[in-house]
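Data first, discussion second: the structure below is written as structure tokens.
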Protein chains: 2
Amino acid sequence: MSVPVVSVDRSSPVPLYFQVASQLEDAIRSETLPPGSRLDNEIQLARRLGLSRPTVRQAIGYLVDRGLLVRRRGVGTQVVHSKVRRPLELTSLYDDLGAAGAMPTTTVHRLDEVDADPTVADALAVSPGTRVVRLERVRHAEGRPLALMTNHLPTGLLDLDVPALEAKGLYQLLRENGVHPHLAKQAIGARTASAREAAALGERRGAALLTMTRVAYATTGQAVEYGAHVYRASRYTFELTLVER
Amino acid sequence: MSVPVVSVDRSSPVPLYFQVASQLEDAIRSETLPPGSRLDNEIQLARRLGLSRPTVRQAIGYLVDRGLLVRRRGVGTQVVHSKVRRPLELTSLYDDLGAAGAMPTTTVHRLDEVDADPTVADALAVSPGTRVVRLERVRHAEGRPLALMTNHLPTGLLDLDVPALEAKGLYQLLRENGVHPHLAKQAIGARTASAREAAALGERRGAALLTMTRVAYATTGQAVEYGAHVYRASRYTFELTLVER
DNA sequence: TTGGTCCATATGTCCGGACAAATCGTTGAC
DNA sequence: GTCAACGATTTGTCCGGACATATGGACCAA
């Protein structure tokens, strides 16, 4: 399989390897390069693009790391089967559902400042009793409640307001304010609904609930968000793709 | 912070960059290089090791990809805070628990061959009705039941026998037979226990259960295992680390 | 037919060098 | 005293080349 239109712009500030990788990724996602097809070998590709082999290798390696391509020595580089392609790995539930077309809405029930209890303090790596921002929301999809979400954030990280939270979601607001969560530790469990939770979510008491707690960290290692969420198991599952490296 | 003892063996078949990366990883995990400490710059490191800068960069890049180091232009390369280090991402539950010291045991309840129902056929990408291997196990930890596990595999992939399964676990047997799952898609949900499940797991009827279904794929994209597992939520949670890239 | 050897091919590893760009502390002008 | 400009430091990108090694097919011999 020959490679489709790929060209580079040397006057662009975008690194050459990234230009190549982006165009290859587009070609793969649009199936211009169908699953299983072979790329030209690195030497030819480099010559055709007027680049060096290391640069082309960097572009290919970038896509290999992201699971779009596989390299086999002596054989070549192929587009992986679409079934095993990896999705984005750190998104908020809002993004998840938005992408799936379920059109969720969020209602902020509480937005204030409290003293960190031991659990929150440990998660955010602050001293117990430190003032932190507390956020309680209810997520709805298709007009019915889906999840109860409680978050705690360090004070001073950013200014939150209710309309923006309801319109954009917490993660988008974080990113718009220059806070880029890049890593999160999550624990997923289950329990039965208390009477209060059942009422809030429209489930029967004793219904199964999915629980998720998460601590998100910025590139610097600073904890930026602690969340304790509860989902209706009848309407939600976590889907994830795991990779062995 | 200066770098500890790192040396390379040019007569070894192990790539130089990998030798360096492994030794750095050991130093990081043993806290010889504590979190936050800075590595020497790439030029000095290369000169000290008698390697070129690209080789040293490859070693560092390897560890950056794995979340052990962060690079910042103009600043240097630092060991990330241990709280945010990423664990291995594709292991079986057996590995998980074994590492945590809970010493699990497994009992095989059924190992036979059946016709694939539509769900199994879809997961393994075979035609419905194709003969597949069925495996049902119960996992115990600390003498009490923990999970019911049902797996389906393509026939002919490997020969399974009960003693080996109970001693080593499915994933280890797969790897020993040259089948290397490198990617899995999982869905995690919850539901309440049926009377039969409750009895098998030692829970009350209506107790919350965690459910996990998984399809694992080999490097080639071939589906190698479909699993539908049920865990006692009172004794198990899924812990995972997500990464934004 | 079967098995092993050889060879072309493609990726894997490594080198040495060059310049670009981000960061941060210092210096100097106002 | 404040702030902007500068410069040292360090990683980011890119080049051109060399040799190593795994793969798979073709060829040849038993």
Side-chain angles (χ1 to χ4, degrees), chain A residues 1-3 6-22 24 36-65 68-80 178 180 218-220 245, chain B residues 1-3 6-22 24 36-65 68-80 178 180 218-220 245:
Chain A
M1 179 65 190
S2 156
V3 164
V6 179
S7 61
V8 293
D9 173 9
R10 298 194 92 100
S11 69
S12 163
V14 177
L16 299 178
Y17 84 89
F18 194 80
Q19 293 183 35
V20 175
S22 298
L24 285 177
S37 59
R38 283 230 328 276
L39 261 59
D40 285 342
N41 72 55
E42 297 172 350
I43 313 272
Q44 284 178 32
L45 210 47
R47 198 170 47 219
R48 178 128 42 89
L49 292 169
L51 298 173
S52 71
R53 185 178 163 219
T55 301
V56 170
R57 260 186 83 72
Q58 192 174 3
I60 292 174
Y62 180 86
L63 295 177
V64 169
D65 266 0
L68 293 174
L69 295 174
V70 285
R71 287 198 269 220
R72 280 192 298 159
R73 188 191 299 208
V75 178
T77 304
Q78 287 178 290
V79 178
V80 305
H180 295 273
T219 321
T220 55
R245 304 204 284 186
Chain B
M1 178 66 189
S2 156
V3 163
V6 179
S7 61
V8 292
D9 173 9
R10 299 197 89 101
S11 69
S12 162
V14 177
L16 300 178
Y17 83 90
F18 194 80
Q19 293 183 36
V20 175
S22 299
L24 285 177
S37 60
R38 283 233 326 275
L39 261 58
D40 285 344
N41 72 57
E42 298 171 350
I43 313 272
Q44 284 179 33
L45 211 45
R47 197 171 48 218
R48 179 128 41 88
L49 292 169
L51 299 173
S52 70
R53 186 179 161 215
T55 301
V56 170
R57 262 187 80 73
Q58 192 175 4
I60 292 175
Y62 179 87
L63 296 176
V64 169
D65 266 359
L68 293 173
L69 295 175
V70 285
R71 286 199 269 221
R72 279 191 299 160
R73 186 191 299 206
V75 177
T77 304
Q78 286 177 290
V79 178
V80 305
H180 295 274
T219 319
T220 55
R245 303 207 282 186

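Per chain, numbering begins at 1; letters A, B, ... match sequence-line order. These numbers come from the heavy atoms of this one structure, side chains and all, not from hydrogens, waters or symmetry mates.
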Q: Quick one: pull up CG in A/Leu24 and CG in A/Leu69 and give me the separation to the nearest 0.5 Å.
A: 7.0 Å
Q | B/Leu63 CG to B/Arg71 CZ distance, which is reported to the nearest 0.5 Å | A | 9.5 Å
Q) Between D/dG16 atom P and A/Leu49 atom CG, what is the distance in whole Å? A) 13 Å
Q) Out of curiosity, B/Leu45 CG to B/Leu39 CG, how far, rounded to the nearest 0.5 Å? A) 6.0 Å
Q. How long is the span from the CZ atom in A/Arg48 to the CG atom in A/Asp40, to the nearest 0.5 Å?
A. 4.5 Å
Q: Do nucleotides 9-14 of chain C as a string where each nucleotide becomes B, S or -: B if the base has a protein heavy atom under 4.0 Å, S if just the sugar-phosphate does, - if no protein is that close.
A: BBBBBS
**Q.** Interatomic distance where CG belongs to B/Leu45 and P belongs to D/dT10 [whole Å]
**A.** 12 Å
Q: Measure the distance from CD on A/Gln78 to C1' on D/dG24 and round it to the nearest whole Å.
A: 13 Å
Q | Minimum-distance pair of heavy atoms, taken over all atoms of B/Ala59 and B/Tyr17 | A | CB-O, 3.2 Å
